[in-house]
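Computed from a predicted model, the values in this text were never measured in an experiment.
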Amino acid sequence: MGELISMTVNGATRELDVEPRRLLVQALREDLDLTGTHVGCDTSQCGACTVHVDGKAVKSCTMLAVQADGATVTTIEGMAAPGDGGALHPLQNAFWEQHGLQCGFCTPGMIMTAADLLARSPDPTDDEIRHALHGNICRCTGYQNIVAAVRAAAVAMAEPRGAATPASGAAAPASA
Ligand code: FES
Ligand code: FES
């Protein structure tokens, strides 16, 4: 018999009966079918499982589901703006446009970590971006284009709503 928990996940209240040892990442992927949150290791090193818990980036393999009882959780599925015609988040656009991904396995975690950074530091230096993404591993890109994508997203998010150029295709700021 598990424990009944309630979380707000991507804006919706979700109630779950979970075993005390169930990880948050398991609850998200297996109980709520939010498979955009990935599992890339069993040593808490890769960052592919990163989500936001109460606005802070967290590796969801390091947290028990019961610890998220009462919390507000955002996953990569919650990043596009539902009230804006499904527009991608500026970070999602920027990763696409700056070729910040190849296989894409690390990308959800990269974007969630980067969104946390930009919420705290809207105009980060490349060093700050690299430091923030230190706990997110990418086996494909060499990181250069990931840093460029975060930088481009910061610029797009600083633009007034609707001021993005057609070439950039950047969406209006969306909440992380
Ligand atoms: Fe969580 Fe790798 S699956 S850090
Ligand atoms: Fe393949 Fe990062 S794009 S692991």
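- With rounding to the nearest 0.5 Å, the separation of OG1 in Thr37 from NZ in Lys59 is 14.0 Å.
- With contacts defined as side-chain heavy-atom distances shorter than 4.5 Å, the pair Met7/Thr72 does not qualify.
- Under a cut-off of 6.0 angstrom, the local environment of CG in Asp126 is crowded, with over 12 non-hydrogen atoms contributed by other residues, nucleotides or ligands.
- Clustering ILVMFWY residues whenever any of their side-chain heavy atoms sit less than 4.5 angstrom apart, transitively, puts Val155 in a cluster other than the one holding Leu118.
- Counting only distance, with no hydrogens or angles, the side chain of Glu77 and the backbone of Gly36 share a donor-acceptor pair below 3.5 Å.
- Between Arg139 and Gln102, every side-chain heavy-atom pair lies at or beyond the 4.5 Å cut-off.
- A donor-acceptor pair is defined here as one N or O able to donate and one able to accept, closer than 3.5 Å; no such pair exists between the side chain of Thr50 and the backbone of Thr113.
- From Leu117, atom CG reaches atom CG of Leu133 across 7.0 Å, with rounding to the nearest 0.5 Å.
- Arg29 places a side-chain N or O within donor-acceptor distance of the main-chain N or O of Thr35, the cut-off being under 3.5 Å.
- With rounding to the nearest 0.5 angstrom, the CD1 atom of Ile111 is 6.0 Å from the CG atom of Leu91.
- Taking every heavy atom of both residues into account, Ala115 and Met79 meet most closely at CB-CE, 3.6 Å.
- Annotation: the span from Cys61 atom SG to Leu28 atom CG amounts to 11.5 Å, rounded to 0.5 Å.
- Between Cys138 and Met110 there is a side-chain heavy-atom pair separated by less than 4.5 Å.
- In this structure a side-chain-to-backbone donor-acceptor pair under 3.5 Å is present from Asn145 to His99.
- We find the CG-OG1 distance between Asn10 and Thr75 to be 3.5 Å, quoted to the nearest 0.5 Å.
- Within the 3.5 Å criterion, the main-chain N or O of Ala57 finds no donor-acceptor partner in the side chain of His52.
- Between Glu19 and Gly2, the closest heavy-atom pair is OE2-N, 4.1 Å.
- Residues Val150 and Ala114 come closest through the heavy atom pair CG2-CB, 3.8 Å.
- Distance alone, capped at 3.5 Å, is enough to place a donor-acceptor pair between the Thr125 side chain and the Glu128 backbone.
- Residue Ile76 holds its CD1 atom at 8.5 Å from NE2 of His89, rounded to the nearest 0.5 Å.
- Here the side chains of Cys46 and Asn136 are not in contact, with every heavy-atom distance at 4.5 Å or above.
- The existence of a salt bridge linking Asp31 and Arg14 is excluded, since no basic side-chain nitrogen approaches an acidic carboxylate oxygen closer than 4.0 Å.
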Practice task
Check the pair Ser6 / Asp69 against side chain to side chain donor-acceptor pair (under 3.5 Å), numbers first and verdict last.
Solution key: CA-CA 5 Å; Ser6 177; Asp69 186 22; 5.5 Å; no

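- Judged by distance alone, the side chain of Asp54 and the main-chain N or O of Ala71 form no donor-acceptor pair under 3.5 Å.
- Between the side chain of Tyr143 and the backbone N or O of Arg130 there is no donor-acceptor pair closer than 3.5 Å.
- In this structure, the side chain of Gln67 engages the main chain of Leu64 through a donor-acceptor pair within 3.5 Å.
- Residue Arg120 places its CZ atom among more than 12 non-hydrogen atoms of other residues, nucleotides or ligands, all under 6.0 Å distant.
- No donor-acceptor pair under 3.5 Å is formed between the side chain of Asp123 and the backbone N or O of Ala154.
- Crowding of Gln144 atom CD: a count of heavy atoms from other residues, nucleotides or ligands under 6.0 Å not exceeding 12.
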